[in-house]
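Worth knowing before you read on, the calculation uses all heavy atoms, side chains too, and leaves out hydrogens, waters and symmetry mates. Just so we're on the same page: letters track the sequence lines, and every chain starts at 1.
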Number of protein chains: 2
Amino acid sequence: MTPLLRIGEASARAGVNIQTLRYYERRGLIKAPERGSSGYREYTPETVQLVKLIKRAQKFGLSLNEIKHLLDFCENSKVNCNGLHDVIASKIADTKEQLAVLNEIEKSLKLLLDSCSTKGPLDRCPIMRSLND
Amino acid sequence: MTPLLRIGEASARAGVNIQTLRYYERRGLIKAPERGSSGYREYTPETVQLVKLIKRAQKFGLSLNEIKHLLDFCENSKVNCNGLHDVIASKIADTKEQLAVLNEIEKSLKLLLDSCSTKGPLDRCPIMRSLND
DNA sequence: ATTGACCATGTACCATGCCATAGGGTCAAC
DNA sequence: GTTGACCCTATGGCATGGTACATGGTCAAT
């Protein structure tokens, strides 16, 4: 007697596009739902919840592949959540690296910008000269 | 009497793949070079230099489109380098925004990780619970 | 019995920055 | 005259995270 949802309703409740649900199914992020006699997919509310979880995880900067790893850990290892830790921890490391790179870039860009006091002739603009060194 | 370079030599000197030169040509980043009687492209050393500049600009986090804007300014505005400033300044703004987002993400990930002391049962792991809230 | 809303599959497309491959031409050396 | 290295164009592929479209089936209401 659980209220099964067709794809339109399910995607609306999860706040995603219809194609997104089919895409997640292809990517293995959600299991292929049962089909009714019509051949229509019939989603459980749990799947809607799962899709919301996926969307939330994306906001944490996790890629769909990383999220899949996460979910696979939940599937397979009933025992503990070490796998989850590893995924998150390695994502933190990634993020730190990206931050370092971006900080470097910002610093360099600022130097580039400051090197040139506007309105000079282009061919002697230090910005182009720096890029060309 | 300038030593013209065919694409293999030019790409080697610039440190990029042959296809990359053709790709940059299609994207309008470098001008289509003259063709010899054989129909082969004949690059000047200046083009090689330009490609190196493009590669350096990429390391500053600039996209090919942004680099094209930059180069177009150099082409068109013989007068001053305000355009260059604008490109760089807006890139700095972008970078700051990305930094802010990444910092947020890192903070959240750390909270997520710290919320769970390893080796507990999976179904009560706060990581999954947080994602599922 | 037909309309309209919904669903199905398969395919192609968006941006990004290339790389690879197929099928052919050019050219110098042997 | 043939080999091999090089070049040409055009097309398709990679990863990422989807969206859109063409073509057709299902189903309830009118």
Open item on the list: If the test is side-chain contact (heavy atoms from CB on, under 4.5 Å), which one of Leu62(B), Ile54(B), Asn65(B) qualifies with Leu70(B)?
Closed with: Leu62(B)
Task: Nucleotide dC7(D), atom C1' - distance to CD of Glu25(B) in whole Å - done: 13 Å
Task: Any Lys107(A) side-chain heavy atom under 4.5 Å of Lys110(A) side chain - done: no
Open item on the list: Suppose we screen for side chain to side chain donor-acceptor pair (under 3.5 Å). Which residues come up paired with Thr47(B), at least two apart in sequence or across chains?
Closed with: Thr44(B)
Task: Whole angstrom value for the distance that separates P of dC8(D) from CD of Glu34(B) - done: 14 Å
Task: Leading and trailing nucleotides of DNA chain C with any atom under 4.0 Å from heavy atoms of chain B - done: dT16(C) to dC27(C)
Task: Gln58(A) vs dT16(D): side-chain N/O to OP1/OP2 distance below 4.0 Å - done: no
Open item on the list: In this structure, how many angstroms lie between the C1' atom of dC8(D) and the CZ atom of Arg35(B), rounded?
Closed with: 8 Å
- [ ] Please state how far atom CG in Leu29(A) lies from atom C1' in dG17(D), giving the value in whole angstrom units.
- [x] 11 Å
- [ ] Any chance you could lay out the salt bridge (Lys or Arg N to Asp or Glu O under 4.0 Å) test for Arg6(B) and Glu9(B), step after step, and finish with the verdict?
- [x] CA-CA 6 Å; Arg6(B) 287 188 304 184; Glu9(B) 181 66 16; over 6 Å; no
Task: Full working for salt bridge (Lys or Arg N to Asp or Glu O under 4.0 Å) between Glu25(A) and Arg41(A) - done: CA-CA 11 Å; Glu25(A) 189 181 321; Arg41(A) 289 172 179 82; 2.8 Å; yes
Open item on the list: Without decimals, in angstroms, what is the distance between Asn17(B) CG and dC6(D) C1'?
Closed with: 14 Å
Task: Sub-4.5 Å side-chain heavy-atom contact between Pro33(B) and Glu42(B) - done: no
TODO: Answer yes or no: does a side-chain N or O of Arg41(B) lie under 4.0 Å from OP1 or OP2 of dT9(D)?
DONE: yes
TODO: Whole angstrom is fine here: how far is it from CZ in Arg6(B) over to P in dG4(D)?
DONE: 18 Å
- [ ] Whole angstrom is fine here: how far is it from CG in Leu21(B) over to C1' in dC6(D)?
- [x] 15 Å
Task: Pairwise 5' ranking along DNA chain C for Tyr40(B) and Asn65(B), keeping only the more 5' one - done: Asn65(B)
Task: Protein-nucleotide distance (Glu42(A), atom CD; dC27(D), atom C1'), rounded to Å - done: 13 Å
TODO: For Arg26(A) and for Ser38(A), find the nucleotide of DNA chain D with the closest heavy atom, then tell me which residue's nucleotide is more 5'.
DONE: Arg26(A)
Open item on the list: Salt bridge check, Lys68(A) against Asp72(A): does any charged N sit closer than 4.0 Å to a carboxylate O?
Closed with: yes
- [ ] Using heavy atoms to find the nearest nucleotide of DNA chain C for Gln19(B) and Arg22(A) separately, return the residue whose nucleotide is more 5′.
- [x] Arg22(A)
Task: Tyr24(A) side-chain N/O to dG18(D) phosphate OP1/OP2 under 4.0 Å - done: yes
